[in-house]
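If you're wondering where the values come from, they're calculated on a predicted model, not measured in any experiment. Remember, it's 1-based here, ligands and their atoms both numbered in the order they're listed.
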Amino acid sequence: METVDVKKDNGIGWVFLNRPDKLNAINMKMIQELLTAIKNYEEDNEVKVIVITGRGKAFSAGADISQFKELTPAGAWELARKGRELMDYIERVPKPTIAMINGYALGGGLELAMACDFRIASEDAMFGLPEINLGIYPGFGGTQRLLRLVGKTKALEMMMTGDRITAQEAERIGLLNKVVPKEKLEEETIKFAQKLMEKSPLILSILKSVVLYGNDAPLLDGLNMESLGWGFVFSTNDQKEGVNAFLEKRKPNFQGK
Ligand SMILES: CC(C)(COP(=O)(O)OP(=O)(O)OC[C@H]1O[C@@H](n2cnc3c(N)ncnc32)[C@H](O)[C@@H]1OP(=O)(O)O)[C@@H](O)C(=O)NCCC(=O)NCCSC(=O)CCO
């Protein structure tokens, strides 16, 4: 692949945005290659957790602005659809996903991070949706995901001013799970991924789909989905293993079945 590279290591499927000289600006090629990388990891049983990060000093500075000059309305619509399709796919992939944010996460870069389940950032990372300064607004799902993550007041402030915020502020408003010193970013991300890998991958994927369903559904529908799923979980080996391990005072050994 030209714009993305990948590495599998101890259950983690790493995805690196790899246009460091352009601060990992997301062009059409990168959208396609990211989708391929995520789909490959989805099918790969050795991969339990997917981590997305950037090569160089940025996570990503957003969609590639150099492609905007010649963009027709139909082309812009296509770019927004493809970008959105990627973010929606990442959000729904049935494995935990972590954005390891090593610098700027702006525009489409922040939208990519928001599509992941978890966001861990280095303390010098910067966040923002500056699209308004280009005379546009976020088009890869950011208007909706930021709203849901931090609420209307902060979401509108970030989108309407285009101002950047620090990692500390991003953590305070609920955009991040963790802020860590730069030199510990990888270590802390791996630790977090390992915690997830101790759980049943099957139950994690069912839990993820119940939570995502509830995010977009009326409360009663979400609660019904929870109860139905909860009943279903009792048909799995991992539920039996979890309960037996507790009763036998040992660590569970989940098989994802
Ligand atoms: C991120 C900024 C603030 C970094 O500034 P600085 O450190 O001064 O680095 P630059 O010299 O500006 O950038 C280095 C290099 O990368 C190119 N680049 C940076 N961002 C983009 C981008 N989004 N698209 C295309 N290219 C980009 C920059 O042109 C330089 O290339 P050279 O060939 O060396 O000139 C700063 O870069 C910045 O503000 N970037 C834009 C952030 C932004 O507006 N993002 C929103 C994009 S629209 C979008 O995402 C739509 C989807 O909702």
*Excluding sequence neighbours, so at least two apart, what forms side-chain hydrogen bond (donor to acceptor under 3.5 Å, both in side chains) with Gln239?*
none
*Scan residues 219-247 for pairs that pass salt bridge (charged side-chain N to carboxylate O under 4.0 Å, His left out), counting only residues two or more places apart or in two chains.*
Glu241-Arg250
*asked:* Distance under 4.0 Å, heavy atoms only, partner ligand 1: which residues pass?
replied: Asp21, Lys22, Leu23, Ala25, Lys57, Ala61, Gly62, Ala63, Asp64, Ile65, Phe68, Tyr104, Leu106, Gly107, Gly108, Glu111, Pro130, Glu131, Leu134, Pro138, Gly139, Phe140, Arg164
*Are the aromatic rings of Tyr104 and Phe59 close, with centres under 6.0 Å apart?*
no
*Parallel, tilted or perpendicular: rings of Phe16 and Trp14 (30°, 60°)*: parallel
_Run the side chain to side chain contact (heavy atoms under 4.5 Å, CB included) test against Asn45 and tell me which residues pass, sequence neighbours left out._
none
*Do Asp64 and Ile26 touch side chain to side chain, with heavy atoms closer than 4.5 Å?*
no
